[in-house]
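Shown next, in structure tokens, is the structure this report addresses.
Just the heavy atoms: all of them, side chains too, but no hydrogens, waters or symmetry mates, feed the values below. Because the structure is a prediction, the values reported are computed rather than measured.
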Amino acid sequence: MVSQTVASSLLVVLGAAGVRAQQRQSLWGQCGGANWSGPTLCVDGAWCNPQNQWYHQCIPGSGPTTAQPQVPTTTARPTTTLVTSVVASSSSSSGPVVTNPPVNPGTCPTTPSGLGSPVANQLNDPFTFHNGNKVTSKADWACRQKEISELLQRYELGTLPPKPSSVTASFSGSTLSISVSEGGKSISFSVSISNRPSGAGPHPAIINFGTMGASLPVPAGVATINFNNDDIAQQQGGSSRGRGKFYDLYGSSHSAGALTAWAWGVSRIVDALELTQAQTGIDPTRLGVTGCSRNGKGAIVAGALEPRIALTLPQESGAGGSGCWRIATWQKNNGQNVQDSTQIVQENVWFSPNFNTYVNNVNQLPFDHHLLAGLIAPRALYAMENVDMEWLGKISTYGCMGIARKQWEALGALDNFGYSQVGGNSHCSFPSSQQGSELNAFIDKFLLKRSGGNTNIFRSTQTHSSFNMNNWSPWAVPSLN
């Protein structure tokens, strides 16, 4: 016979287990993995995807129709050409906006073939061309951005095709329909526009990656454009390679990974908004782009490759987004549980197959993701990261974006750069501490064109004393005019 005390204890334990079983993790939140003690079920419309033995994540959809392979539970660690960046001015602007001079391809040096000399225990110098020449002016910087874009596409992202021969668009209700033709093939896709402001436009908008709505609190006066990026390029694991409407148009063997294909999709959305401004009431010169986690990676790549984006807002993009490959490798070598290049290519098809050649020795690469971010400069970037998420590379993103910031410094545009790393929130759950004085300040300045608020932000609520930013960026920062 069970005593009353034991019975009561059993009821408490069983009751707690029942509560845990009933709890459902939010979209993009963690739902499993080694030593995970939180919810293992996802909210409606999402399923728990076992990315690896340490991290399972709630992602949109109903999950695979066939059984998922079992993820090992061992605790051992597994071994286009960029056009110049321009921000359009507005009669309601709160002040001058730093812009780059136009790029004349004939004046830029040809990007050399080959990887160049390896760069170890530091990040590549943004202000030195691949041929060794120095960047000394804003015109040089525009050429250097063009070179960096070419190198990223060659070795990591895959080729971004130029604007197709035909892009048409129509708008009805809240749906913007887009048709694209190239080389005798055609595709169509659509996006929905929600929360369109009333009154005379045109109004700014934020393009949101994913079908579940923005995790960022978009303020009044700014519309949300809901972009189903999975429709353009799938991201359901290795079997997704070459699947989606981008590949229907360009072929399943195209070198572009999903991130590049999504950036191409964002460019077509901007094309369509330029064609339908009178109907949508959306100003195509005041566009932001955002996404969280895997979609945050998409947001920062879209901001880097599409110069018509005025404000790039990646949230918790981690490895493959605002984190640097070299710093993540350094973290892993120091015993930290962080996603690195060798693991990420096994998880999904975000990158070109070309990248697989270099993931075991990222020191070979003539770039890192501080240079990906630098393709946005001097346009506005506000990157949000989570200090509680070691897997996302909390030191990697802190160091990478801190060093990326030097490119805005060189251009006299520090007011266009923000990095904020806080904790106390679940993955992709936006913390209120980043809203009023940070996110809203960026949206006010760069989309709503209102003055006020600080947009020169670099902060973390944790001290990363093991990382020396100056040692990782020993090169000089010029003043470019």
### Task
Take Arg326 and Asn363, measure what side chain to side chain contact (heavy atoms under 4.5 Å, CB included) needs, and give me the verdict at the end.
CA-CA 7 Å; Arg326 287 172 174 84; Asn363 293 337; 3.7 Å; yes
### Query
Checking salt bridge (Lys or Arg N to Asp or Glu O under 4.0 Å) for the pair Asp140/Lys134: CA distance, chi angles, key distance, verdict?
CA-CA 8 Å; Asp140 283 349; Lys134 293 296 183 180; over 6 Å; no
### Task
Please lay out, stage by stage, how Lys163 and Ser267 fare under the test side chain to side chain contact (heavy atoms under 4.5 Å, CB included).
CA-CA 8 Å; Lys163 183 177 179 178; Ser267 295; over 6 Å; no
### Query
Does the pair Glu156 and His369 meet the rule for a side chain to side chain donor-acceptor pair (under 3.5 Å), with working shown?
CA-CA 11 Å; Glu156 180 183 318; His369 274 221; 2.7 Å; yes
### Query
Yes or no on disulfide bond (SG atoms under 2.5 Å apart) for Cys292 and Cys428, after CA distance, side-chain angles and deciding distance?
CA-CA 6 Å; Cys292 190; Cys428 291; 2.0 Å; yes
### Query
Would Asn456 and Arg405 satisfy side chain to side chain donor-acceptor pair (under 3.5 Å), going step by step from the backbone distance to the final call?
CA-CA 10 Å; Asn456 179 356; Arg405 185 172 180 265; 2.8 Å; yes
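A salt bridge links Arg268 with Asp271; the closest basic N to acidic carboxylate O contact falls under 4.0 Å. Glu409 has no carboxylate O lying under 4.0 Å from a charged side-chain N of Lys406, or vice versa, which leaves the two without a salt bridge. The pair Arg243-Asp248 does not meet the salt-bridge criterion, since no charged nitrogen lies less than 4.0 angstrom from a carboxylate oxygen.
The two atoms that bring Ala263 and Leu305 nearest to each other are CB-CD1, 4.1 Å, heavy atoms only. The shortest heavy-atom contact between Pro378 and Ala413 is CB-CB, 3.8 Å. Residue Ser396 comes nearest to Ala328 through the heavy atom pair OG-N, 3.9 Å, listed as atom of the first residue, atom of the second, then distance. Taking all atoms of both residues into account, the shortest heavy-atom contact from Ala258 to Gln234 is CB-O, 4.1 Å. Heavy-atom minimum distance, Ala205 versus Ile225: CB-CD1, 3.8 Å. Residue Pro431 comes nearest to Val422 through the heavy atom pair CG-CG2, 3.5 Å, listed as atom of the first residue, atom of the second, then distance.
A distance-only check finds no donor-acceptor pair linking the side chain of Asp368 to the backbone of His370 [under 3.5 Å]. Checking side-chain atoms of Lys297 against main-chain N and O of Gly320 turns up no donor-acceptor pair under 3.5 Å. Side chain of Asn354 to main chain of Thr357: no donor-acceptor pair is present (N/O by atom type, distance under 3.5 Å, no hydrogens or angles). Judged by distance alone, with hydrogens and angles left aside, the side-chain atoms of His130 form a donor-acceptor pair with the main-chain N or O of Gly114 at under 3.5 Å.
Put simply, CE on Met384 and CD on Glu438 are 9.5 Å apart, with the number rounded to the nearest 0.5 Å. Here Asn386 contributes atom CG and Trp391 contributes atom CH2; the two are 15.5 Å apart, rounded to the nearest 0.5 Å. Between atom CZ of residue Arg286 and atom CD1 of residue Ile443 there is a gap of 12.5 Å, rounded to the nearest 0.5 Å. Atoms CG and CZ, from Leu216 and Phe442 in turn, are 12.5 Å apart once rounded to the nearest 0.5 Å. With values rounded to the nearest 0.5 angstrom, Leu447 atom CG is found 5.0 Å from Leu311 atom CG. A distance of 4.0 Å separates NZ of Lys245 from CG of Asp231, quoted to the nearest 0.5 Å.
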Please tabulate, for side-chain N and O atoms in residues 172-184, each donor-acceptor pair with protein atoms closer than 3.5 Å (sequence neighbours left out).
| from | atom 1 | to | atom 2 | distance (Å) |
| --- | --- | --- | --- | --- |
| Ser179 | OG | Ser188 | OG | 3.0 |
| Ser181 | OG | Ser186 | OG | 2.7 |
| Glu182 | OE1 | Ser165 | N | 2.6 |

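Annotation: side-chain hydrogen bond (donor to acceptor under 3.5 Å, both in side chains) contacts of Asp415 (sequence neighbours excluded): none. A search for side-chain hydrogen bond (donor to acceptor under 3.5 Å, both in side chains) contacts involving Tyr250 returns Trp264, not counting sequence neighbours. Here Gln434 pairs with Ser420 under the side-chain hydrogen bond (donor to acceptor under 3.5 Å, both in side chains) rule; sequence neighbours left out. The side-chain hydrogen bond (donor to acceptor under 3.5 Å, both in side chains) search around Thr280 returns none, not counting sequence neighbours.
Under the 3.5 Å distance criterion, with hydrogens and angles disregarded, a donor-acceptor pair is assigned to the side chains of Gln339 and Glu347. Counted by atom type alone, Tyr419 and Thr397 present one or more donor-acceptor pairs between their side chains at under 3.5 Å. In this model, no donor atom of one side chain and acceptor atom of the other lie less than 3.5 Å apart for Ser149 and Gln145. A donor-acceptor contact closer than 3.5 angstrom is absent between the side chains of Arg144 and Asn133. Between the side chains of Gln153 and Thr159, not a single donor N or O lies within less than 3.5 Å of an accepting N or O. Between the side chains of Glu150 and Thr111, at least one donor-acceptor pair of N or O atoms lies under 3.5 Å.
Between Ile206 and Leu287, the closest side-chain pair of non-hydrogen atoms is not below 4.5 Å. Side chains of Glu316 and Asn425 form a contact here, defined as non-hydrogen atoms less than 4.5 Å apart. When side chains are defined from C-beta on, Ile269 counts as touching Phe227, because their heavy atoms get closer than 4.5 Å. Here the side chains of Gln435 and Asn440 are in contact, with some heavy-atom distance below 4.5 Å. Counting heavy atoms from C-beta on, the side chains of Leu123 and Ser473 never come closer than 4.5 Å. You'll find the side chain of Gln235 reaches within 4.5 Å of the side chain of Asn295, heavy atoms only. Contact of the Leu381 side chain with the Pro314 side chain is registered, since non-hydrogen atoms from C-beta on lie closer than 4.5 Å. Within the 4.5 Å cutoff, side-chain heavy atoms of Val270 are placed close to those of Glu274.
Between His254 and Tyr247, a ring centre-to-centre spacing not shorter than 6.0 Å is recorded. Proximity of the aromatic rings of Tyr155 and Tyr358 is defined here by a centroid distance below 6.0 angstrom, and this criterion is met. Between Phe458 and Tyr398, the distance from one ring center to the other falls under 6.0 angstrom. A distance below 6.0 Å separates the ring centres of Phe351 and Trp325.
Pairs of residues two or more places apart, or lying in two chains, that qualify as side chain to side chain donor-acceptor pair (under 3.5 Å) and include a residue from residues 193-202 are Ser194-Asn226.
Applying side-chain hydrogen bond (donor to acceptor under 3.5 Å, both in side chains) to Ser460 and the options Glu385, Gln421, Lys394 leaves one that passes, Gln421.
Here the two cysteines Cys108 and Cys143 have their SG atoms closer than 2.5 angstrom.
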